Amino acid sequence: MSEDATVPVLIVGAGPAGLAAALTLRKNGIPVRVIEKEPRARVGQRGAGIMPRSQELFKILGVIDDICVKAIGLVPMRMYKLPEGIEPITTFALDPTVAPTPSAPYSNVIMLGQNHSEEILRDHLKHLGCEVELGTTLYSIQSDGDHVQAHVLKKAGDDEIVETIKCRWLIGTDGARGAVRKQLGLAFDGETFGVTHHLVVGDLHIKGLDKKHWHYWGDLDTILVMLRATEDEDVYFLFIGGQVDHAKIVAERAELERMLKVGTGRTDLEIGAVRFISEYKPHVRMAETFRKGRVFVAGDAAHIHTPFGGQGLNSSVQDAVNLGWKLSLIEKGVATPSLLDSYTEERLPVITHMLRMSTKLFNDAAHVKADGTGGETAWHRGGEIHMLGVNCRWSSIIVDERTPKEATPVDPYGVTRFCTDAVRAGERAPDAPGLVVLGAAADSTNGAQKTSLFNIFASSYHTVLIFGDGTSKAGRILSVLQAYPAELLRMVLVHTERLTSSIPGGGYLSVLDRDGHAHEGYQVQKDEFIVVIVRPDGVIGGIVRDTEGAKQYFARVFNALADQPLPTL
Ligand SMILES: Cc1cc2nc3c(=O)[nH]c(=O)nc-3n(C[C@H](O)[C@H](O)[C@H](O)COP(=O)(O)OP(=O)(O)OC[C@H]3O[C@@H](n4cnc5c(N)ncnc54)[C@H](O)[C@@H]3O)c2cc1C
Ligand SMILES: *[C@@H]1O[C@H](CO)[C@@H](O)[C@H](O)[C@H]1NC(C)=O
Ligand SMILES: *[C@@H]1O[C@H](CO)[C@@H](O)[C@H](O)[C@H]1NC(C)=O
């Protein structure tokens, strides 16, 4: 690429955050370049747990099926009696299995090594014509009014090539120690935990342990060893903490073997190749803002926390998709850069809450004793950790005509939500299966074609769910919304009864809510007219009662079109 070619978006760092941002943008047809300083793909489990909310986002990005083929479930934790380390003291579920429901089909944590998830994301990106540029390190950036210049160093064999990449937007997903946040001079306040919280993490081949448990010996006052089976044959994910010489364990295999013996008391374990090993010092830190002009930070570059709440990858992917669709609308010319203020506005309170929560989980886990005391409570996961309650009800770009914002507490993880509460704008959009496709779209297939809302949602458009009351209101709102660029909206008429006459004009999908899941999930009465606007990140952007409400919502997100006349009806 020549020096003055401008790429719309440059992504620095190809971890889960960078790859998810790139995929969101490519699904929207926006050209991106992704640079990564490592010369080859990293190996290792690292953050392996994928939360239900992340699975939903992976569904929207079209990668969930590939993830599910490889992923495994979360196994129960088993603590052993020392010094022999063989007899179990207690065995408990970390995250009791939750049955899927029509509105939440992804209801359990799944585990997949971060290197596998990253490989899947990279493959999908490749199909969309984007290849990660490995061995390419960003070292400085310079903002010049309407663009950013990124100075990068490329390794090609023994040669180093300097390149200046000109872009309109730059996303720093370069991890906790990344260059982008430092270049912006953003404060990264918080704390680094002391030595008691310091861990060795790694992946190694072991023979002699069952694959059905997350094996656990000792405690942080003495030596803590944890070994979890992974999707890779005989590869176990390792944690060692407590009174050990972390650096020595990482540097010397003999020390690793010795500590595994001392820590577990087991002499029968066969330790094979070490695939990955590293020190891990938990920090809790957050950038003061996630945007400065044309440059953003997302994922670990914006916030880090202990792995014990395990919200790292999970939060990073949410950041990436939130930012990705907004940047796409700007590049498509329908939104102005002011839409981007909502990225920090929507994500910062969520991250603040998440940091507090994972610190608490970490401190609880640190107090578990080798005899098992406190284990089950401290390691209990589930509920809010699944992140299905994560929301942005306070956001200035959402519109809710059903539940006024003033009546809505700021509760970023939705912890005080009761099942009787109304579904509100700013929350995740529930799924609804059992929808029967009506009209022309159905006639082309033999018999009834069934679909679900999660099969309709996508990262490249807003989905407008129009629940009809049998009057002409649905037709009116359709004709108003047809004034917006067709590729930006997917309109869905949700009926309670099979229609005999249909509304004129194409460009929409008619479905019969045969089993009532859509009405139930969105709390809409039969024959009640209401419109729910679902954003490209699967969050409800608007719940409105008429065309004015819908126009109000789109005036905020398609704000570059606001001055253009739309039909008033
Ligand atoms: C050693 C280690 C162990 C971990 N263990 C756990 C764990 O046990 N549990 C858990 O929940 N989480 C763990 N994590 C955290 C988890 O991996 C992160 O939360 C998650 O990867 C965040 O994704 P990200 O995309 O924001 O950042 P990262 O995955 O850190 O990706 C950043 C990428 O940017 C690249 N990069 C950095 N600087 C530059 C530059 N200047 N130019 C170009 N590229 C650059 C890096 O090489 C890297 O590939 C661990 C992280 C590390 C590093
Ligand atoms: C992922 O890392 C594991 C080590 O944990 C390794 O055995 C495996 O081959 C790697 N797989 C990929 C696809 O990178
Ligand atoms: C996502 O959440 C799960 C469940 O707590 C956790 O095990 C996993 O490590 C998390 N992923 C990351 C990268 O933090």
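Since the structure is predicted, the reported quantities are computational estimates derived from the model, not experimental observations. Atoms within each ligand, like the ligands themselves, are counted from 1 in listed order.
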Inset, instruction - Indicate yes or no: at least one non-hydrogen side-chain atom of Y343 is less than 4.5 angstrom from one of D319. - result: yes

Inset, instruction - With heavy atoms only and a cut-off of under 4.0 Å, state how S278 meets ligand 1: side chain, backbone, both or neither. - result: side chain

Legend entry - Test item, A41 contacting ligand 2 (heavy atom, 4.0 angstrom): no

Legend entry - ligand 1 contacted by F276 (non-hydrogen, < 4.0 Å): yes

Inset, instruction - Could you tell me whether ligand 1 has any atom less than 4.0 Å away from a heavy atom of I304? - result: no

Legend entry - Per-residue contact class, Q114 against ligand 1 - non-hydrogen pairs under 4.0 Å: side chain

Inset, instruction - Look at atom 13 (C) of ligand 2 and say which protein heavy atom is nearest, naming residue and atom and giving the distance to 0.1 Å. - result: E119 OE1, 3.2 Å

Inset, instruction - Could you pull out, from V235, D232, D234, the option with a heavy atom nearest to atom 3 (C) of ligand 2? - result: D232

Legend entry - Residue K281 excluded, over 12 heavy atoms near NZ under 6.0 Å: no

Inset, instruction - Around atom 1 (C) of ligand 2, find the nearest protein heavy atom and jot down its residue, atom name and distance. - result: N115 ND2, 1.4 Å

Legend entry - Pairs where residues 14-51 contributes a residue and the test ring-ring contact (aromatic ring centres under 6.0 Å, His included) is met, not counting sequence neighbours: none

Legend entry - Contact check: D300 vs ligand 1, nitrogen or oxygen atoms, below 3.5 angstrom: yes

Inset, instruction - Return yes or no for this condition: an N or O of L138 is under 3.5 Å from an N or O of ligand 1. - result: yes

Inset, instruction - Specify side chain, backbone, both or neither for P16, according to which of its non-hydrogen atoms lie closer than 4.0 Å to ligand 1. - result: both

Legend entry - Side chain to side chain, H215 and V75, heavy atoms closer than 4.5 Å: no

Inset, instruction - Look at atom 5 (O) of ligand 2 and say which protein heavy atom is nearest, naming residue and atom and giving the distance to 0.1 Å. - result: D203 OD2, 2.3 Å

Going by atom type alone, with no hydrogens or angles, which donor-acceptor pairs under 3.5 Å involve a side-chain atom of residues 233-241 and a protein atom two or more places apart or on another chain?
residue, atom, partner, partner atom, Å
Y236, OH, L209, O, 2.8
Y236, OH, D210, O, 3.4

Inset, instruction - Please state whether R42 comes within less than 4.0 angstrom of ligand 1, counting heavy atoms only. - result: yes

Legend entry - Contact partition for T137 relative to ligand 1, non-hydrogen atoms under 4.0 Å: both

